[in-house]
Amino acid sequence: MSTILQQQFNRVGRVEHGSVALPGIMRSGSIGGPDTFNMGTMPSAQQQITTGQMHRGHMPPLSLAQQALMGTINTSMQAVQQAQADLGEVDNLPPLGQDMASRMWVQNKVDESKHEIHSQVDAITAGTASVVNLTAGDPTDTDYTSVGCAITTISSNLTEMSKGVKLLAALMEDEVGSGQNLMGAARTLTGAVSDLLRAVEPASGEPRQTVLSAASSIGQASGDLLKQMGEGETDERFQDIMMNLAKAVANAAAMLVLKAKNVAQVAEDTALQNRVITAATQCALSTSQLVACTKVVSPTISSPVCQEQLVEAGRLVERSVEGCVKACHAASEEGELLRQVNMAAGAVSQALSDLLQHVRHYASCGEPIGRYDQATDTIMTVTENIFTSMGDAGEMVRQARVLAQATSDLVNAMRSDAEAEIDVDNSKKLLAAAKLLADATARMVEAAKGAAAYPENEDQQQRLREAAEGLRVATNAAAQNAIKKKLIHRLENAAKQAAAAATQTIAAAQNAAASNKNTMSHQQLVLSCKAVADHIPHLVQGMRGSQAHPEDLGAQLALIIASQSFLQPGSKMVTSSKAAVPTVTDQAAAMQLGQCAKNLATCLAELRTAAQKAHETCGPLEIDSALSAVQTLKSELQDAKMATLEGQLKPLPGQSLEKCAQDLGSTSKAVGSSMAQLLTCAAQGNEHYTGVAARETAQALRTLAQAARGVAASTVEPQAAAAMLDSACHVMEGSAMLIHEADQALVCPGDAESQQRLAQVAKAVSHSLNNCVNCLPGQKDVDMALRSIGEASKKLLVENLPPCSKSFQEAQTDLNHTAAELNHSAGDVVQSSRGSSNQLAVASGKFSQDFDEFLDAGIEMAGHTQSKDDQIQVIGNLKNISMASSKLLLAAKSLSVDPGAANAKNLLAAAARAVTESINQLITLCTQQAPGQKECDNALRELEAVRGMLDNPNEPVSDLSYFDCIEMMLMGLCCEGGMVGGMVESIAESIGRMDEGTPPEPDGTFVDYQTTMVKFSKAIAITAQEMMTKSVTCPEELGGLASQVTVDYSQLAQQGRLAAATAESEEVGSQIKTRVQELGHSCIYLVQKAGALQMSPTDSFTKRELIEYARAVTEKVSMVLSALQAGNKGTQACITAASSVSGIIADLDTTIMFASAGTLNAENEESFADHRENILKTAKALVEDTKLLVSGAASSQDKLAQAAQSSAKTITQLTDVVKLGAASMGSEDPETQVVLINAIRDVAKALAELISATKCAAGKAADDPSMYQLKSAAKVMVTNVTSLLKTVKAVEDEATRGTRALEATIECIKQELTVCNILCVNIEIFKEIMCFPLFIIF
C-alpha cells in the first residue's frame, strides 16, 4: 500500500488513504513468450507533506456564493477584532452604595448578565457546530448562505457577549481576580473564533482537521468562560458519559471502516471498489465530525439549539453508515464479509442511538416529577374506560387490573420521593397522599373482585364504577403538588428559552441594521427590540427567583406575571423582525434574523401556554403577592433612609435627578389611576379584577419607590433627601393598608363600614402621594411663589384703597414697566418648566416678585381712576391677573412633574396666553385716553408672550379653541358657585343648539361624525366614573372633572347636530338628537352636584346623589351609542364581521400549528374528493359576497349590513370545509396540509381587509381616497380566492369529475365577474375592480 496526497484547489478535504495496487492484468507479450510476474508487498504507508503558500494566481475563481461568504467572513472578522479590543478592560461603574436597593441592583445585573452571556455562548457554540456540519460535504454542494448565517450568528453574539462580559467582570471585581479571569477567558474564546473564521475561508486551502481543531478550541474556551462566571454545566458526569458515547461511535465506525476495507479488497470491479473506499472514508469523516461537534456543544448542551446541532451531526453519521453498507453490498456478494459489515453498521447505529438518547434524556431529565405523568395519565384514561364499559363486567375487571398497576406505580413513586425529601413537612404530605391513594386502590380492588365473582350483578358493577371514580379523585388530590411543580418547572424553562431567543433576535437585528435599506422597517424593529430589552430583565429575575425559592408562591406569581408581560412586546418584535427580513440585503444577516424570529415565535407560544397553565394551577394570589411586594418596598426605602443619614446613599447607574423626578411625577398618576381601579373592583366584589388592580398598583409603586430613592440619592441636602424617602414610605404604608382593606372588602362586598374604611385609606394615600410629589426639587419653590401671590392678592380685598403716592404719569409708566416685566417672567416660567428643577425654582421666584411689583403699580393706578365703577373694574382686572398667574404656576408645576402628560404643554401655553390677555385688558382699561398707545403696547406684550413658542415651533399650541382651554383651566382649578353656573349654562346652550334650524353644510360623512361622537361619549362616561371615585377620595378634584364633562359635551353636541343631519333616515337623526339632549340634562345634574359636594365635602347625601347622577350619565351614554349604531347598521355589521374573521384567522393559525406537527387527521375515513365539491361551491358564493360588499359601499346601510353578514357566514363555511379537506389528506403529508390551510388563511385575511376598506368607504364620494383603497382590497381578495382554487386544483386526485367541476366553477366565476362589469353602481372605480382579469391563468 502507498499513500497519495493530492492538492485540490478551492476544496476543503483531508488526507485520504487508498490502495493503488489494483488487480494485475496478464497480457501476452508483443515479442516472445509470456512474461514472468513477481509477487511481493509494498512498504507500509508513508506520508510526506510539504506546506507553503501557493501562488494565488493558480487558484480558480471563487463562485458568487463563495464570494458572498468571503464578504461575510471579512465583516465578521472585523467584529471579532473589535470585540478582542473591547475586552482590554472592564466597564467603569460609578460608586455603588450598600443599601438594600443597591445590593439588589447588583444581584439583578449579575443574574441578567450571566443569563445573556450564557445564551450568547450557546449561540456561538451552536453556530460553530453548524459550521462544522454544513462544511462537511463536497464544496460544490455546500450551502454557503447557511454557512454565512452561522458565521454571522457567531460574530454578532460575540460582539454582544463582550459587552456583557465587561459589565459582569466589573460587578465581580470584589472577588479577587475573578473579573480579570473572566476577561481572559472571553479573550481566549474570541481568539478561537478568529481561528475558525480563517480556517473556513473558501480560498484558505486549510485541511479539514484545522477546522475541527478550531471548533474544538471554541468548545473548550466556551466551557472555561462559563465556569469562570459560575454558569458551567453542573452535571459533569453527564458530559463525561456523552463524550465516552461519542468515542464509542467513533470506535464502532472504525470497525465498520475496517470491515468495509475487507470488502474492497475482494471487489473485482474497480469502480465499485472505489465507491466502497469513498463511502468508508466519508463514514470516518462524519464520525470525526460528530466527535468534534460533541466537544463543541458539550459545555452548552442544555441549550436546545446545541442539542439540535448534535442531532444533525448524528444524522450525517447515520447517512454515511447507510451509504457505506450500500456500497459494500453493491461491490461484493461474499456473505460472511457482508454479514460482518452489517454487524459493524448495526454497532455504529446502536452507539449513535445511545448517544442521541442520552442527549434527549438530558432535555427532559430536568423534570423531577416526570415519572408521575405516565401513571397519572394512565389512571385518568383507564377510569374513563371503566365508566364507558358499564354492562361488560369482564372488560371492567380487565381495566381494573391495569388501573391497579398504575396506582401501585404512582404510590411507590410518591413513597420514594418522600424518603428522599429533606423537608419533613413535605415528606409527611407525600406519605399522607400516598396512603390516601393506596386506600382508594384497595377499595377499587375489592370492588373488582366482586364484579369478577358476580359478572351479571349490576350492583357490583356500580360499586366498581364508584370505587374507580373515588380513585380518580384521590389521584388528582395526591398528584396536585407534583403537577404544580411540573408546570412551574415548565414555565421556568419556557421563560429561560424565551429570554435567550429574544437576546438572539436582538443581536440579529443589530447585525442586520447595516444592510437594512428600509428606514421605516428598521425603526420599527429598533423600537420593538428596545421594548423587549426592557422586559428581559424582569423575565430573568422572575425565572431566577422561582428557581431559588421553589416553594415561594410569591416568587412563582412574579414569574407568571413577568412571563405574561413579556408576550406582547415579544410578539411585536417577531412581527417587526419578519417584516424587516425582505428589506435586509445581506443574505446571511437576513437568514439569521428570520431564523431568530421564527425561534422566538415558537418560544413565545410555549411561554404563553406554560404561563396560562401555571396561572390556573397557582390560583388567585395577586392580592397577597402585591401586599408582600409593597411591604418589601417600604423596607427598601427605610434602608435607603438609613444610608442617607450615614451619607452613604448613592444613585444607581443610569439615574439622574431630572430623570427620577420625571419618573416620580408620571408614576404618581399611574398609582392614583390603579388605586381608583382597585377601589372600584373591591367595591363590586370582583376578586379577579381586584387582584389585577392590586398587581398593577404594586408595579406602579415599585417604579415610584425607585424614582423616590433616585431623587433622594441625587439630592445634595440630607434633610430634603430624608423628607423624600419619608413621604415615599408613607405612600407605601398607606398603599399596603389600602390593598389589605380591599382584600377584606371582598369578603363582604357592599358592606358600608368596609367601604367607608376603603375611602378613608384611599384619601390618606392620595394625600401622601401629593406630599411625595411636593418633595421634588423645585416644587416647594413653586408652592412658595403661589403662596406669595396669594398673600399679595389680599391687598385687593380691602374696601378702601391707600392714597396715591405718585402722579398719574408716573403711575402709568410704572404700570407699563411692571407689566412688561411680569409678561417676560411668565415666558421664563414657560421655558423653565421644560428645563431643570433649579431653573423652574428661579423663574417662579422671579415671577412672584414681579407680580408683587405689578400688583402695587396696579393698585396705585386704581387710585387715579375718576369713578368708583372704574376703580372696581381695575381691581377686578387685577384679580383676574392674580388668578391667571396662579394657574400659570400650577400648569408649570404640573408639566415639570410629568412632561409627557396628555395636553400638559397645551395647557401651559394657554395659561401663559391668559396672563398676557389679562394684562392687556388692564393696560387697555388704564390707557384709554392715549390713542394708539394701547394697541402698540398690547402688540409688544403679545409678541413677548409668543417668543418662547418660537423656540419650540413643532409643539402644538392646543387641541381645543381658545375659550374651551380658558374654560377648562378655570373650571379645573377653581370651582366656585358662579363657575358651576357657567358650566351649566354652557351645557344648556349646547343642548339648545341641537334644536336650531338647518346646521352648517357638513364636511364629512355620518361615519366621520359617528366616530368622533363615540370618542367624546366614552370620554364623558370615563370622567363620570372617575367623579364617582373622586367624590369619596378627593372631592376637591371634582371641579376639573366637571369642567372636562362640560367641554366634552360641547364637542359631542356639535358633532351630534351634524350626525343627525347626515343620518340615512330622519328617524335615526331624530333619535340621535334626542339621546344627546337627554345626556346633556344628566350632565347638568352631575355638574351641579359636583359643585355642591365641593362646598360640603363631608355631605354623605350629596355624595350619594352625585354617584346616582354619574350612573345616569353612563346609562345615557350607552343610549347615545345605541342610537349611533342604529344609524349605521352596515358599518356596525362590518365591525362585527371583521371581528368574526379575525377569530377565524386565529383558529387557522392554530390549525397550521397542528398540521406542521403532523397531528391534523380526519375523524373518519374520507378522502379529499369528498370535500372538493363543497370547497368549489363555497368559493363561488364568497366571490358573490365580494361583489355585494363592493357595491354595498355605495348603497344603503341595510344592504351593506346584509353583505357583511353574508360574507362572514360564507368565509366561516369555506374555512370549515377547507379544514376538513386538509384533514382528509392525512398527517403523512403535512406540507400539503399547511399549503392548503395557508391559502384559505390568505383569503380570510384579504376578506378582513376588504371589510375594513368597505367600512371606511361607505357613503364616500367616488373620488375619495378610501374608494381607491377599496379597489385595491377587492383585487387582493379575488386574487387570493384564485390562489385558493389553484391550490385545490394542485392537490386534487386524478378523478376527472373533480377537474371538470373546478373548471366549471372557474368559468362560472368569470361569468359573474363579467356581469359585475355592468353593475349599476354609478361609480367608475367599481368597474375597474370587476374588469380585473382574475382567472385567466386557467
Please report the shortest heavy-atom distance between A1246 and N1280, naming the atom on each side. CB-ND2, 3.3 Å
Please name the pair of heavy atoms, one in S565 and one in H535, separated by the smallest distance, quoted to 0.1 Å. O-CD2, 3.5 Å
Within a strict 4.5 Å, meaning less than it, do heavy atoms of the F1168 and V1288 side chains meet? yes
Between I1211 and I1240, is the side-chain contact (heavy atoms from CB on, under 4.5 Å) condition met? List the steps. CA-CA 9 Å; I1211 190 62; I1240 184 60; 4.2 Å; yes
Between S1207 and I1251 the two heavy atoms that sit nearest each other are OG-CD1, 4.0 Å
Using 0.5 Å steps for rounding, measure from the CD atom of Q1233 to the OG atom of S1224. 8.5 Å
State the OG1-CG distance between T583 and L593, to the nearest 0.5 angstrom. 8.5 Å
Are the side chains of M573 and I506 in touch, meaning some heavy atoms are under 4.5 Å apart? yes
After noting the C-alpha distance and the side-chain angles of Q497 and L607, does the key distance pass the side-chain contact (heavy atoms from CB on, under 4.5 Å) rule? CA-CA 9 Å; Q497 300 305 331; L607 182 66; over 6 Å; no
Separation of L1220 CG from T1215 OG1 (nearest 0.5 Å): 11.0 Å
When you measure from the side chain of T72 to the backbone of A68, do you find a donor-acceptor pair of N or O atoms at a distance under 3.5 Å? yes
Are the side chains of E1184 and T1210 in contact, using a 4.5 Å heavy-atom criterion? no
Count the heavy atoms of every other residue, nucleotide or ligand shown that sit under 6.0 Å from CD of Q67, and state whether that count exceeds 12. yes
Below 4.5 Å, heavy atoms only, C-beta onward: do I1145 and K1245 meet side chain to side chain? yes
With a sphere of 6.0 Å drawn around CD of Q587, does it hold more than 12 non-hydrogen atoms of other residues, nucleotides or ligands? no
Applying side chain to side chain donor-acceptor pair (under 3.5 Å), which residue pairs with at least one partner in residues 503-515 are found, sequence neighbours left out? N157-Q504, N511-Q592
Once you round to the nearest 0.5 Å, how far does CG of L1176 lie from CG of L1284? 9.0 Å
Heavy-atom closest contact (T153 atom, A123 atom, distance): CG2-O, 4.0 Å
List the steps and the verdict of side-chain contact (heavy atoms from CB on, under 4.5 Å) for L69 and I151. CA-CA 9 Å; L69 177 60; I151 290 174; 3.9 Å; yes
Which distance, rounded to the nearest 0.5 Å, do you find between the CG of L1182 and the CG of L1247? 6.0 Å
Atom of L1250, atom of A1273 and distance for their closest heavy-atom approach: CA-CB, 3.8 Å
Tightest non-hydrogen contact, residues G570 and L604, listed as C-CD1, 3.3 Å
Side-chain donor or acceptor of S1206 paired with backbone N/O of Q1202 under 3.5 Å: no
Can you check whether V1218 reaches L1214 side chain to side chain, under 4.5 Å on heavy atoms? yes
Starting from the C-alpha separation in whole Å, work towards a yes-or-no answer on side-chain contact (heavy atoms from CB on, under 4.5 Å) for N599 and C596. CA-CA 5 Å; N599 184 40; C596 289; 5.7 Å; no
Does any non-hydrogen side-chain atom of I536 lie less than 4.5 Å from one of F566? yes
Are any side-chain N or O atoms of T1178 and backbone N or O atoms of I1175, one a donor and one an acceptor, separated by less than 3.5 Å? no
Just so I know, are the side chains of V1217 and K1177 near enough to count as touching, which here means a heavy-atom distance under 4.5 Å? no
CG on D586 to NZ on K517, rounded to 0.5 Å: 10.0 Å
